[in-house]
Asks: 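Once you've had a glance at the structure underneath, I'll fire off some questions.
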Amino acid sequence: MKAKSLPNAFVVWLVLVAMTVGTWILGETGLGGPLVIAVLLLSISIKGQLVADAFMGMRNVSTMWRFVVSGWLLFVVGFIGLAYWTGTS
């Protein structure tokens, strides 16, 4: 008898929780600087794409709609990064 696999949404949820806890721990250490911000922005991008794919149903839509959502996400994360890097100079 084979063990049942976990539903995809639950696995994605566990990854989202783990990444959120990881970024919280990183924030609690008091570290800062460009490398930490880059890690946080990468985490935001990955979590956003996971949410779009697993919970918004973007995994099963046409490529155009995936590009629209992914482009919006990269646009927002890019401007957050830009605001950080121009504000620290």
Side-chain angles (χ1 to χ4, degrees):
M1 184 165 138
K2 289 185 178 181
K4 291 184 179 181
S5 63
L6 293 172
N8 185 43
F10 182 70
V11 173
V12 170
W13 179 80
L14 286 176
V15 170
L16 291 170
V17 169
M19 291 180 76
T20 301
V21 169
T23 55
W24 176 77
I25 290 170
L26 185 62
E28 287 295 310
T29 63
L31 296 174
L35 181 61
V36 173
I37 296 300
V39 168
L40 293 175
L41 292 175
L42 179 63
S43 172
I44 292 168
S45 298
I46 293 170
K47 290 191 303 185
Q49 194 63 52
L50 285 172
V51 167
D53 286 345
F55 300 113
M56 295 172 62
M58 290 308 215
R59 181 174 290 144
N60 302 319
V61 298
S62 70
T63 305
M64 181 199 69
W65 288 113
R66 288 185 58 96
F67 280 137
V68 167
V69 172
S70 297
W72 169 83
L73 180 63
L74 290 176
F75 179 79
V76 170
V77 171
F79 270 101
I80 291 171
L82 182 66
Y84 171 77
W85 274 288
T86 58
T88 59
S89 303

Asks: Considering only residues two or more places apart or on different chains, which pairs with a residue in residues 44-76 satisfy ring-ring contact (aromatic ring centres under 6.0 Å, His included)?
Replies: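 Output for this query lists F75-F79.
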Asks: What is the minimum heavy-atom distance between Y84 and P34, and which atoms define it?
Replies: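 Shortest heavy-atom contact: OH-N, 3.8 Å.
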Asks: Could you tell me which non-hydrogen atom of L73 sits nearest to which non-hydrogen atom of S45, and how far apart they are?
Replies: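 Result for this residue pair: CD2-O, 3.4 Å.
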Asks: Would you mind listing every salt bridge (Lys or Arg N to Asp or Glu O under 4.0 Å) that reaches into residues 9-21, with sequence neighbours excluded?
Replies: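 Qualifying pairs, neighbours excluded: none.
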Asks: Does any pair with a residue in residues 53-62 pass side-chain hydrogen bond (donor to acceptor under 3.5 Å, both in side chains), and if so which ones, sequence neighbours excluded?
Replies: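 Applying side-chain hydrogen bond (donor to acceptor under 3.5 Å, both in side chains) to every pair that reaches into residues 53-62, excluding sequence neighbours, yields Q49-D53, D53-R66.
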Asks: Answer yes if L35 and L31 sit in the same cluster of Ile, Leu, Val, Met, Phe, Trp and Tyr residues linked by side chain heavy atoms under 4.5 Å apart, and no otherwise.
Replies: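 Not linked; separate clusters.
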Asks: Count I, L, V, M, F, W, Y as connected when their side-chain heavy atoms are under 4.5 Å apart, and connections chain through other members. Are L26 and V77 then in the same cluster?
Replies: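 Result: yes, single cluster for both.
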Asks: Could you work out, with side chain to side chain contact (heavy atoms under 4.5 Å, CB included) as the rule, every residue matching T20, not counting sequence neighbours?
Replies: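 Partners of T20 by the side chain to side chain contact (heavy atoms under 4.5 Å, CB included) criterion, ordered by chain and then number, come out as K47.
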Asks: Hydrophobic cluster membership, with links at side-chain heavy-atom distances under 4.5 Å among I/L/V/M/F/W/Y: are L74 and I37 in one?
Replies: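 No: no chain of side-chain contacts under 4.5 Å links L74 to I37.
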Asks: Taking side-chain hydrogen bond (donor to acceptor under 3.5 Å, both in side chains) as the cut-off, I'd like each qualifying pair that reaches into residues 22-31, sequence neighbours left out, listed once.
Replies: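 For residues 22-31: none.
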Asks: Using the rule that two of Ile, Leu, Val, Met, Phe, Trp, Tyr join whenever any of their side-chain heavy atoms come within less than 4.5 Å, decide whether V21 and L14 are in one cluster.
Replies: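 Shared cluster, yes.
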Asks: Who passes side chain to side chain contact (heavy atoms under 4.5 Å, CB included) against I80, sequence neighbours left out?
Replies: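 Listed in chain order: L41, V76.
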Asks: Using side chain to side chain contact (heavy atoms under 4.5 Å, CB included) as the criterion, point out the one residue from L40, I46, V39 that pairs with L42.
Replies: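 Only one option passes, and that is I46.
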